[in-house]
Structure formats: C-alpha cells, structure tokens
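A short write-up of the structure that comes next.
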Amino acid sequence: MQQLTPAVAAALRETMALASRGNLNGARAFAEKALRENGSQGPIHALLGMICCRAGDLSSGIEHMREALRSNPNDPVIAANLTTAMIDSGRFGEAVEICTQQRAMNDPSGRMWRLRGFILQQTDDHAAAASAYEQVVAIAPDDFESWNNLGNARVTAGEMDAGIAALERASALAPANGPVHLNLAAAYSNAGNLTAAADILSRYTAKVPDDATALVEQATVLRHLYRDSEALEVLEKAVAASPGNIDLLVQMGEEQGAAWRFADAEKTLRRALNMDRRHGRAFVQLAILLEHLNREDELPVLLSEAQSAGADQGTAHFLQALICRREKRFEEGLRFLAEVPRDIEPIRLAQLEGQFRDRLNDADGAFAAFTEMNELFKQDPSEPLVRAARYRSALQADRDVVTPEWFAGWRDLPPGAGEGSPVFLIGFPRSGTTLLDTMLMGHDNVQVLEERPTLQKVEERLGGIARLADLSGEEVDDLRKLYFHEVSNHIERRPGALLVDKSPLHMTKAPLIQRLFPDAKFILALRHPCDVVLSCFITSFRLNNAMSNFLDLGTAAEFYNACFGYWEHCRSIIPIQVHPIFYEQMVNDSEAELRPLFDYLGLDWREGVLDHQRTAAARGLISTASYAQVTEPIYRRAAGRWTRYRDHLNPVLPVLQPWVERFGYSI
C-alpha cells in the first residue's frame with residue numbers, strides 16, 4: 001500500500017471536506033492540483049475517480065480509478081468502485097476483467113461477488129453468475145436480492161428446480177416484494193406449473209392488493225389456465241389499482257368482450273376513449289366488438305369519430321379495411337391494410353389480408369398471410385404447440401379407456417329425475433355448426449346454448465372417464481344437476497324449450513354425455529374434411545388447448561383424425577343416437593336437409609327457420625369465429641374452397657383421405 005505523505009494526507013482531507021459540502025467542482029479542482037504538486041498518488045486518484053463519477057464524468061472517473069488500482073491492485077474497495085463505474089458506463093467486458101474471481105475471493109463483504117454475478121448475467125454467462133451469487137448468499141444468507149438474482153440466474157441457465165428453490169427463499173425473506181414474486185411465478189410458469197404460479201401471485205396480491213403489475217401477471221396466468229372469469233376479476237382489480245392506465249383499461253374491455261360481457265366491454269372501451277380521444281387500440285377493439293355484435297353498420301360512424309379525434313392514420317386505415325370487408329371491396333381493403341403499421345393487431349392484420357386475397361382468388365398469397373397469422377400465434381408464451389400435443393395425447397388416453405369390456409361394466413342406473421336430456425350439436429370446428437344452430441334458433445321451441453364450457457366442472461368433479469363405469473345413480477344425478485347448474489350460468493332456460501348444447505368438440509365427450517343422458521340425441525355436423533381442416537387453419541381462434549392444434553396444417557389434420565377416430569371408436573362400442581347434417585347439402589337445399597332433422601328432434605317444421613339472416617340479426621352477439629359470415633345470405637363459395645389450395649394441402653391429404661371416403665366425399 002502506498003504510504004501517505006503529510007501533504008497528500010492533507011490534500012485528501014481537504015478534498016473530502018469540499019465534496020461532503022456538495023462542492024464537487026471545487027473538490028475535483030483541489031484533487032487535480034494535488035496530483036500536479038505531488039505526482040501520481042493512488043489514494044488521490046481513487047478519491048478523484050469517485051468525485052468525477054458522482055459529477056457524471058464516468059470516463060474520467062474510470063481512468064483515475066484505474067490509476068488507483070495500479071497502485072493497489074488488491075484493494076477491494078477501489079476494484080468495486082471501478083467495476084461499478086464500468087457497469088454504469090455499459091462497459092461489461094472491461095468490468096469482468098476487473099471484477100475477477102480472485103478479487104471477489106479477497107473481498108469479505110461479498111460486494112465483489114454481487115458485482116461479478118450481475119456482470120456475468122449481463123454477458124449471458126448465467127451458470128457462472130449463479131456461482132457468484134452462491135458465494136454471496138453464503139456470506140449473507142438473509143440477502144433476499146441475491147437469492148432472487150441467484151434464482152433468476154439458475155433458471156436462465158436451465159437449472160429450473162434449483163432456481164425455483166432460490167426464488168422460494170427470496171420470497172420467504174421478502175414477502176411483500178413484488179419483483180421477487182413475479183420472478184418466482186415466472187419460473188413456475190416456465191417449468192409448466194401454471195397452477196403454482198397462479199397460487200403464488202394470488203397469495204402476493206392478497207397481501208399487496210394495489211400492485212397492478214402483479215395483478216396483470218396473475219390475470220395472464222389464470223387466462224392460460226382457462227380460468228377466464230377469475231382472470232377478468234383480477235384484471236378489474238388491476239384497473240382499480242391503476243385507474244389512469246388506459247392500455248390496461250382497453251385490455252380489460254377486450255377481455256370483457258371475450259367473456260360475452262359486451263355491454264361492459266363497450267362501456268369500458270368508451271371510458272378509455274373519454275380519457276384519450278385518440279387512443280388507437282381502443283378504437284380498434286371497439287370496432288372488433290361492433291362486428292361481433294352485428295353492428296357493422298356503425299363502423300363508418302366510428303371511423304369518422306376516430307378521424308375527428310385525431311387518431312393515428314394506422315388506426316383509421318384498420319377501420320377502413322374492416323369497412324371494406326363488410327362492403328366486399330377487397331382490393332381497396334388490401335390497399336388500406338398495406339398502410340397499417342404491423343404493430344397494430346398484427347394477427348388480425350394477417351388474417352384480414354388472407355381473407356381479402358382469398359376472395360380475390362389469390363390462393364398462394366392468402367395461404368402465405370394465414371401462415372403468418374399462425375406463426376404469430378405460435379409465439380404466444382403459453383406454448384400453444386406444446387399444449388396442443390398434450391391435448392391430443394389426453395384424447396388418445398381416453399380412447400384407450402373406452403373398450404367393450406369397460407362399457408360392459410357400466411352399472412345399470414335408473415332414469416334421471418328432473419330436466420330432460422339436451423340435444424348435443426357436435427362436429428369438428430368450421431363444419432357449419434354456427435349456421436345450423438342459427439337455423440335451429442329460428443324455431444320458437446328451441447333454445448341454443450352456444451359453445452359454453454358446460455361439461456368442464458362435470459369433468460373436474462368426475463376426475464376422468466375411467467370412473468364412468470362405477471358411478472352410482474346418486475352420483476350421476478349429482479353430475480346432471482351440476483351440468484344444468486352450469487347451463488343456468490350462461491342462459492335463462494325457457495320452460496318447455498328443447499335445449500341444444502352446441503359445442504363442436506363435445507364429440508370427444510361422448511362417453512360422459514351418454515352416461516349422464518342415456519337418451520341424449522346428437523346432431524353431427526359434417527363437411528368435406530379438406531375444407532374443414534383448411535378453414536380451421538385460416539381462422540383466428542382463441543388459443544385454448546384444442547384450438548392450438550390449428551396453427552399448423554399437419555397438426556390440424558392429425559387432430560381431425562384423432563377426433564373422428566375417437567368418435568367412431570366410441571360409436572362402435574356405445575349406443576349413440578346421432579343424426580348427420582351435411583354442410584354442402586344444407587347450403588344447397590336447406591329445407592330438404594333440415595326437415596328430417598326436425599323429425600328426429602320431434603319438432604314441427606317452421607318455415608321461419610330458413611330465414612337465418614333474420615335470426616342472426618336478432619341473436620345479438622355471435623361468439624364463434626363465424627360471426628362475419630352467418631349474417632350473410634347462404635353462400636356456396638366455401639364449399640370446395642380447398643381445391644384452390646390443393647398444392648398446400650397435398651402433405652395432409654393421406655391423413656384425411658380415409659375420412660373423405662367414409663363421409664362420401666372425394667378428392
């Protein structure tokens with residue numbers, strides 16, 4: 001260590017005195033004068049370096065501290081201060097050369113280990129960063145920040161379990177620290193344990209109910225768990241905690257619309273526009289809501305409102321594109337789309353482009369746009385492709401349960417008391433079920449429940465279809481009551497009306513339905529398998545586990561094969577009453593196709609059922625992906641559409657051909 005002369009010691013005292021009084025310029029000038037008078041002095045360089053950094057001159061501060069470190073290379077304080085200055089300057093490569101492992105080992109305070117861990121994280125050496133933070137927590141076992149950093153480094157390095165353990169320790173040490181709990185929840189999410197992530201965030205937000213960031217993350221996790229009603233409740237709390245956050249308010253409006261609370265959604269989006277008359281996303285979401293509400297005629301008024309308010313041109317062009325779709329001005333719509341920035345609803349932009357190009361018979365261009373849409377969907381953090389694979393695996397596991405021996409073991413049960421059996425309208429998505437249910441709605445003795453999760457709670461209580469064989473009469477009655485309770489959560493039953501539960505993929509719930517309702521009738525909507533799979537691929541669905549199968553043509557065809565394979569397997573073992581409706585025949589001659597269906601259902605024929613446009617206009621919200629088509633006159637352009645895309649479908653035709661032939665179609 002360099003010995004201090006009386007002159008140098010005096011210079012240090014005066015410099016520190018000036019700095020302590022806030023006179024950084026004077027302190028710097030005095031220290032520089034001392035260097036000129038006394039030559040290079042490590043202690044003066046060290047102090048002057050700190051003063052320069054405090055004054056904002058990091059470059060000079062770093063050079064002075066470098067000189068100080070040359071004089072005393074083993075001083076941990078000088079090394080730590082120099083490292084900190086380099087970090088503040090973004091010079092991480094140089095910082096790691098100063099903040100070496102050896103210097104960190106010579107620092108009993110652990111400060112150098114902390115700095116080293118941080119630098120290594122910034123340079124993406126997360127395994128080495130974790131080793132550094134392990135040294136810190138050994139020195140300071142109650143340092144929650146270092147436990148948090150250790151957990152993050154381990155998780156990023158792929159040590160998921162060890163990372164979660166460190167983050168659990170951090171959260172125990174800092175139960176009210178939001179970032180720690182967000183990191184722990186994110187780690188559980190990355191590990192595939194969304195339930196644990198939701199529980200962590202729920203406990204934290206119960207303690208800190210005004211942390212809007214944590215509430216938003218909690219809502220996101222709940223949405224990935226398909227606990228949509230809970231997610232919306234949490235999102236509403238986030239809005240209450242951060243009432244001035246317009247983007248959050250618009251997000252809540254979007255989620256309210258997805259939950260069919262369309263009056264609330266419109267009110268929320270209007271509230272956002274009252275706060276910011278030019279908010280583009282609020283206008284876009286309101287336009288999408290109007291489409292779902294069959295109020296597309298209000299889009300020009302909304303466009304005028306956006307333009308008068310001074311909304312950005314991208315928003316205006318998006319609204320103009322929607323109007324062009326409504327008015328079938330497809331070439332003009334493409335021109336408007338080209339002027340919309342890609343950060344405005346990029347998924348919907350790609351879908352709209354695909355729809356316009358499809359209507360203009362540009363199959364290759366349309367397919368490219370729809371592929372872009374699905375590639376964007378694949379980037380969802382909920383890993384939709386992984387979830388889709390799990391869904392198909394679960395379906396195969398259920399199929400393995402359904403055997404003749406298993407069905408033969410079903411206990412005979414007495415008829416259920418109470419409400420009569422519903423009719424179940426099933427079929428692969430995009431098979432014409434929305435057009436069919438709209439026609440059924442035209443009968444005054446029919447009440448349609450459209451795509452609501454009526455069997456979800458029943459399945460949760462059951463715990464797997466293997467238990468169906470052992471159910472007692474009392475248990476079945478309880479499950480029936482639970483089913484009708486779920487129905488009542490979505491619609492108010494009309495006395496005497498035939499309930500039609502329309503949910504296409506309930507075709508994969510046939511054993512459960514048959515066990516609950518042995519006399520249940522099924523309506524199976526059929527359409528050319530190639531048209532169905534193509535339509536699923538080009539449609540923008542909400543990404544639940546099932547719909548995630550449609551982001552790739554290959555998985556879409558595989559899913560079609562799995563669903564119909566399961567359905568036909570069940571039919572070969574379980575007696576199921578089913579009446580098929582062929583989409584192509586329904587659009588060609590609706591009455592001829594539907595009259596036998598009404599006989600099957602025990603309903604008298606009503607001519608009004610054929611006026612589906614009147615029924616669609618009266619039904620209000622259309623929640624399915626067909627909302628843009630069902631209000632149009634019956635058209636035939638979708639029948640045989642797949643032939644224009646044959647080249648793109650060629651890879652999946654071998655998977656679909658057996659079903660094409662089975663249902664009487666051809667390739």
side-chain contact (heavy atoms from CB on, under 4.5 Å) for Tyr188 and Glu168? Distances and angles first, verdict last. CA-CA 11 Å; Tyr188 272 114; Glu168 289 278 15; 2.7 Å; yes
Leu603 and Val446: side-chain contact (heavy atoms from CB on, under 4.5 Å), yes or no, with the steps? CA-CA 9 Å; Leu603 295 168; Val446 173; 3.4 Å; yes
Given the rule in the side-chain hydrogen bond (donor to acceptor under 3.5 Å, both in side chains) test, do Asp589 and Gln585 qualify, once you have shown the distances and angles that lead to the verdict? CA-CA 6 Å; Asp589 190 341; Gln585 296 175 27; over 6 Å; no
Salt bridge (Lys or Arg N to Asp or Glu O under 4.0 Å) between Asp531 and Arg641, worked out: CA-CA 6 Å; Asp531 273 329; Arg641 171 196 274 155; over 6 Å; no
Kindly indicate, with the supporting measurements, whether the criterion ring-ring contact (aromatic ring centres under 6.0 Å, His included) is fulfilled by His528 and Tyr583. CA-CA 8 Å; His528 196 297; Tyr583 171 79; over 10 Å; no
What do the steps show when you test Arg261 against Glu236 for salt bridge (Lys or Arg N to Asp or Glu O under 4.0 Å), and what is the final call? CA-CA 13 Å; Arg261 289 171 46 186; Glu236 288 169 341; 2.7 Å; yes
Any chance you could lay out the ring-ring contact (aromatic ring centres under 6.0 Å, His included) test for Phe663 and Phe582, step after step, and finish with the verdict? CA-CA 9 Å; Phe663 299 141; Phe582 289 86; 7.4 Å; no
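For Arg154 and Asp161, the salt-bridge test fails: no basic side-chain N is under 4.0 Å from an acidic carboxylate O.
For the pair Arg452 and Trp260, the cation sits on the ring face: its NZ or CZ lies under 6.0 Å from the ring centre, inside 45° of the axis. A cation-pi contact, defined as under 6.0 Å to the ring centre and within 45° of the axis, links Lys521 to Tyr600.
Side-chain contact between Leu222 and Leu232 is absent, with no heavy atoms from C-beta onward closer than 4.5 Å. Looking at heavy atoms from C-beta onward, Phe484 lies in side-chain contact with Pro422 at the 4.5 angstrom threshold. Counting only heavy atoms from C-beta outward, the side chains of Ile426 and Ser503 never approach each other to under 4.5 Å. When side chains are defined from C-beta on, Thr220 counts as touching Arg223, because their heavy atoms get closer than 4.5 Å. Looking at heavy atoms from C-beta onward, His579 lies in side-chain contact with Pro596 at the 4.5 angstrom threshold. The shortest side-chain heavy-atom distance between Gln355 and Arg359 does not fall under the 4.5 Å cut-off. Leu471 places none of its side-chain heavy atoms less than 4.5 Å from the side chain of Arg411. Inter-residue side-chain proximity for Leu499 and Leu449 is flagged as met; some heavy-atom pair is nearer than 4.5 Å.
By the 6.0 Å contact criterion, CD on Glu474 is open, its count of non-hydrogen atoms from other residues, nucleotides or ligands being 12 or less. No more than 12 heavy atoms of other residues, nucleotides or ligands sit less than 6.0 Å from atom NZ of Lys237.
Side-chain contact annotation: Tyr391 with Asn544, donor-acceptor N/O pair under 3.5 Å absent. A donor-acceptor pair shorter than 3.5 Å cannot be found between the side chains of Glu255 and Gln251. Of the N and O atoms on the side chains of Arg392 and Asn549, at least one donor lies less than 3.5 Å from an acceptor on the other residue. Gln218 and Tyr204 share no donor-acceptor pair across their side chains, judged by distance under 3.5 Å alone. There is no side-chain donor-acceptor pair under 3.5 Å between Thr454 and Glu486.
Here the shortest heavy-atom pairing between Pro504 and Gly427 reads CB-O, 2.7 Å.
A distance of 10.5 Å separates CG of Asn445 from CZ of Phe598, quoted to the nearest 0.5 Å. Atom CD1 of Ile513 sits about 6.0 Å away from atom NE2 of His506, to the nearest 0.5 Å. Leu235 CG to Asp228 CG: the interatomic distance, rounded to the nearest 0.5 Å, is 11.5 Å. With rounding to the nearest 0.5 angstrom, the CG atom of Leu649 is 6.0 Å from the CG atom of Leu653.
Among Asn193, Leu184, Asn183, the one residue that satisfies the side chain to side chain contact (heavy atoms under 4.5 Å, CB included) test with Ile164 is Leu184. For the pairing with Phe564, the side chain to side chain contact (heavy atoms under 4.5 Å, CB included) check across His569, Arg662, Met507 returns one residue only, Met507.
Distance alone, capped at 3.5 Å, is enough to place a donor-acceptor pair between the Arg527 side chain and the Arg430 backbone. No donor-acceptor pair closer than 3.5 Å links the side chain of Glu345 to the backbone N or O of Leu349. Remark: the backbone N or O of Leu516 is paired with a side-chain donor or acceptor of Arg480 at under 3.5 angstrom.
Taking the centre of each ring, Phe428 and Phe550 come in below the 6.0 Å mark. Side-chain rings of Tyr645 and Trp642 stay apart, their centers remaining 6.0 Å or farther from each other.
Ring planes of Trp410 and Phe407: perpendicular class, angle over 60° (limits at 30 and 60°).
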Compile the donor-acceptor pairs under 3.5 Å between side chains in residues 365-378 and protein atoms, sequence neighbours left out, one pair per line.
residue	atom	partner	partner atom	Å
Thr371	OG1	Phe367	O	2.8
Glu372	OE2	Arg342	NH2	3.3
Asn374	ND2	Phe370	O	3.3
Asn374	ND2	Phe537	O	2.8
Glu375	OE2	Lys378	NZ	2.9

